[in-house]
**Q** 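Pasting in a structure now, in structure tokens, and then I'll have a few things to ask.
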Amino acid sequence: MSGFFDIPSDLQHSWTGLIGLHMREALLPVAAGLLLALPLAQLCGRFRWLYPPVLGVTTVLYAIPSLAFFVVLIDYTGQTELTVMIPLALYSLVVLVPAIVDGVRSVPDETLAAATAMGFGPVRRYLQVQLPIAAPAIIAGLRVATASSISLVSVGALIGNQGALGNLLAAAQKYDRPELAVNAVVTMAVLAILCDALLVLLRILVTPWMPRGTRPRPAARREEISPEGAVR
Amino acid sequence: MIRFDSVTKRYPDGTVAVDRLSLEIPDRSITVLVGPSGCGKTTTLRMINRMVEPTEGTILLDGEDSRKQPVTTLRRSMGYVIQNAGLFQHRTIVDNIATVPRMLGWGKQRARERAAELMERVGLDTSLAKRYPYQLSGGQQQRVGVARALAADPPVLLMDEPFSAVDPVVRKGLQDELLRIQDELGKTIVFVTHDIDEAIKLGTMVAVLREGGRLAQYAPPAELLSGPADGFVEDFLGADRGIRRLSFFPSTALELTTDAVVPADAPAARIAAVEAPYLLVTGPDGRPLGWAERDALTAGDVPAERLLPYGRPFVPGTDSLRVALDCAVLSPTGWAVAVDDDGRVTGVVSQQTIGEAIRAAHTAGRADGEKVAG
Ligand SMILES: Nc1ncnc2c1ncn2[C@@H]1O[C@H](COP(=O)(O)OP(=O)(O)O)[C@@H](O)[C@H]1O
Ligand SMILES: [Mg+2]
């Protein structure tokens with residue numbers, strides 16, 4: 001009988017190796033999503049008419065099941081990590097753009113007027129006033145994006161074993177070792193909880209200026225954490 | 001000097017917020033723009049630091065077109081204070097105040113020292129320096145707003161309804177503080193309010209605006225009260241402008257009488273000699289104790305419970321005729337009690353005498369413009 005942490009050799013990784021792989025496949029897309037969302041949200045804030053169409057397009061993207069995405073992308077990027085990460089980056093974008101736009105819009109008019117009156121240019125004002133004040137909302141968005149990304153990586157198992165910990169689910173069936181499935185689910189859940197805790201800690205560190213008790217909850221919208229929800 | 005030269009602002013939607021406004025704002029004094037909501041006060045103010053660009057006309061700063069200098073340079077030379085303060089909620093009080101000096105390239109240490117100095121100047125305890133805005137009351141936040149605007153020592157201060165959102169007691173404190181700071185610093189202040197009382201209290205000059213940013217009258221407050229230019233200004237001043245105008249007449253010239261003022265231990269003969277039906281009884285320190293009916297008084301002890309309250313005394317020379325009249329109106333005997341700075345009675349004066357003084361002041365022509373605390 002092999003142990004809980006003995007990973008079948010055809011997965012080509014140890015348990016910790018799978019964790020590293022899983023985190024990379026989950027977090028790189030969130031980071032990429034954030035990098036894209038920041039300028040996009042800035043544009044949506046500048047040109048108000050842009051926001052509704054952007055919101056529409058991203059919502060449609062979000063409605064496409066990840067599997068369908070993979071099938072389309074496979075023709076271009078093959079059975080690689082990239083095929084998994086591109087849809088995940090887009091999903092992150094969908095969560096982050098409204099989070100940033102709403103966060104930036106929540107900055108009171110008086111604060112903006114005061115900044116302008118003190119001689120802040122638009123860029124300085126965005127970086128030094130609007131973004132810091134939007135930080136709690138942005139981090140709330142990051143919590144949702146990160147948790148869902150960690151669970152969604154496992155779908156990659158369906159395209160040439162690119163699902164990191166998700167591959168254990170297939171292996172559990174193949175080798176008739178249900179403990180591998182338990183391992184996969186528990187590990188992903190723990191990873192999601194740890195990442196969430198780190199983000200909460202980050203928010204506490206960057207917002208000493210918030211009154212206690214009014215810290216925002218992450219948006220309930222589109223929250224999907226359970227690994228079982230992997231196939232959408 | 002800030003000069004509006006036939007300035008018009010038409011917003012893209014066609015709203016004419018300001019219509020051919022010409023106005024000269026003198027240096028080192030408080031000029032108030034007052035008028036009903038939506039009459040273009042904010043627009044007028046924001047054209048000075050070019051947060052709003054005029055559609056037509058020019059604004060001259062010391063004779064120079066304000067468009068000649070870069071807009072950020074212009075703005076950093078003008079402090080700006082708004083309703084609800086508009087503090088940066090993510091920065092500490094000291095960092096809020098140090099914002100403009102830091103942008104001007106001051107070192108961190110120097111900017112913080114300057115901020116601490118300003119906190120004292122606006123009446124804030126420096127122990128609040130490391131707090132965040134949410135930890136301060138509305139009045140304290142507004143003081144931070146004033147300190148922040150003063151940080152880089154700009155010659156001009158633009159204030160847009162800065163005290164409108166705080167309760168009346170705090171507002172009065174902030175107004176007094178502003179007058180005191182202005183005494184010390186002598187800035188060119190343009191102050192926007194919709195509150196005519198605030199305008200009259202703070203303004204050296206008051207510009208009354210009407211709908212569409214048209215200037216209805218531009219005058220010192222006393223002149224405004226004595227001679228409103230038209231029905232609009234008269235309505236805006238309210239029903240009791242005659243009473244309020246008394247704020248501008250000093251009470252120095254009131255003829256006080258000491259006949260009816262008797263010490264608590266006065267002999268019966270002294271009391272009997274008084275003609276007035278009521279007497280003001282004073283204590284051994286010269287302070288007022290209360291009024292007593294002459295006939296009820298006997299020599300020696302005057303029982304305190306038989307004295308009528310003397311109301312609120314006024315200080316001739318410091319208080320205006322308005323305060324003196326108010327004291328007389330509030331007094332149960334119709335006589336106002338005058339005291340010196342230490343609270344010792346200097347005499348009493350009747351409503352009738354005050355009424356005569358008011359008539360005399362009015363016939364002496366318009367008020368001399370000298371402002372008396374009222
Ligand atoms: N950005 C804007 N676009 C269109 N109309 C505006 C704008 N800002 C102000 N207005 C209009 O201009 C008029 C004057 O506004 P404002 O200067 O804010 O008045 P006040 O400060 O005296 O209340 C109002 O009718 C207001 O609705
Ligand atoms: Mg206004």
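Each chain gets a letter, A, B and so on, in the order its sequence line appears, and its residues count up from 1.
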**Q** What part of B/Ile82 is in contact with chain A, defined as an atom under 4.5 angstrom from a non-hydrogen atom: side chain, backbone, both or neither?
**A** side chain
**Q** Where on B/Gln135 is there a heavy atom nearer than 4.5 Å to chain A: the side chain, the backbone, both, or neither?
**A** neither
**Q** Can you confirm whether more than 12 heavy atoms, excluding those of B/Arg28, are under 6.0 Å from its CZ atom?
**A** no
**Q** Between B/Met103, B/His90, B/Arg91, which is the residue that forms a side chain to side chain contact (heavy atoms under 4.5 Å, CB included) with A/Gln128?
**A** B/Arg91
**Q** Please rank B/Arg46, B/Met78, B/Met51, B/Arg50 by heavy-atom pairs under 4.5 Å with chain A and give me the top one.
**A** B/Met51
**Q** To the closest 0.5 Å, what do you measure between CD (A/Glu110) and CG (B/Asp160)?
**A** 10.0 Å
**Q** Going by residue number, which parts of residues 62-75 of chain B are within reach of chain A, meaning a heavy-atom gap below 4.5 Å?
**A** B/Thr72, B/Arg75
**Q** Please report the shortest heavy-atom distance between B/Tyr132 and A/Pro208, naming the atom on each side.
**A** OH-CG, 3.3 Å
**Q** In this structure, are over 12 heavy atoms from other groups packed under 6.0 Å from B/Asp167 atom CG?
**A** yes
**Q** Identify the two heavy atoms, one from B/Arg76 and one from A/Gly119, that lie closest to each other, and give their separation to 0.1 Å.
**A** NH2-O, 2.8 Å
**Q** Tell me, for A/Ala115 versus chain B, whether the close heavy atoms (under 4.5 Å) come from the side chain, the backbone, both or neither.
**A** both
**Q** Working to the nearest 0.5 Å, report the span between CE of A/Met210 and OH of B/Tyr134.
**A** 9.5 Å
**Q** Does a side-chain heavy-atom distance below 4.5 Å link B/Thr99 with A/Phe120?
**A** yes
**Q** What heavy-atom pair brings B/Leu87 and A/Thr111 nearest, and what distance separates the two atoms?
**A** O-OG1, 3.7 Å
**Q** Heavy atoms only: give me the nearest B/Gly86-A/Ala114 pair and the separation to one decimal.
**A** O-CB, 3.5 Å
**Q** Can you tell me how far the CZ atom of B/Phe88 sits from the CD1 atom of A/Ile133, to the nearest 0.5 Å?
**A** 7.5 Å
**Q** Decide yes or no for A/Pro108 and B/Gln89: does some side-chain heavy atom of the first lie under 4.5 Å from some side-chain heavy atom of the second?
**A** yes
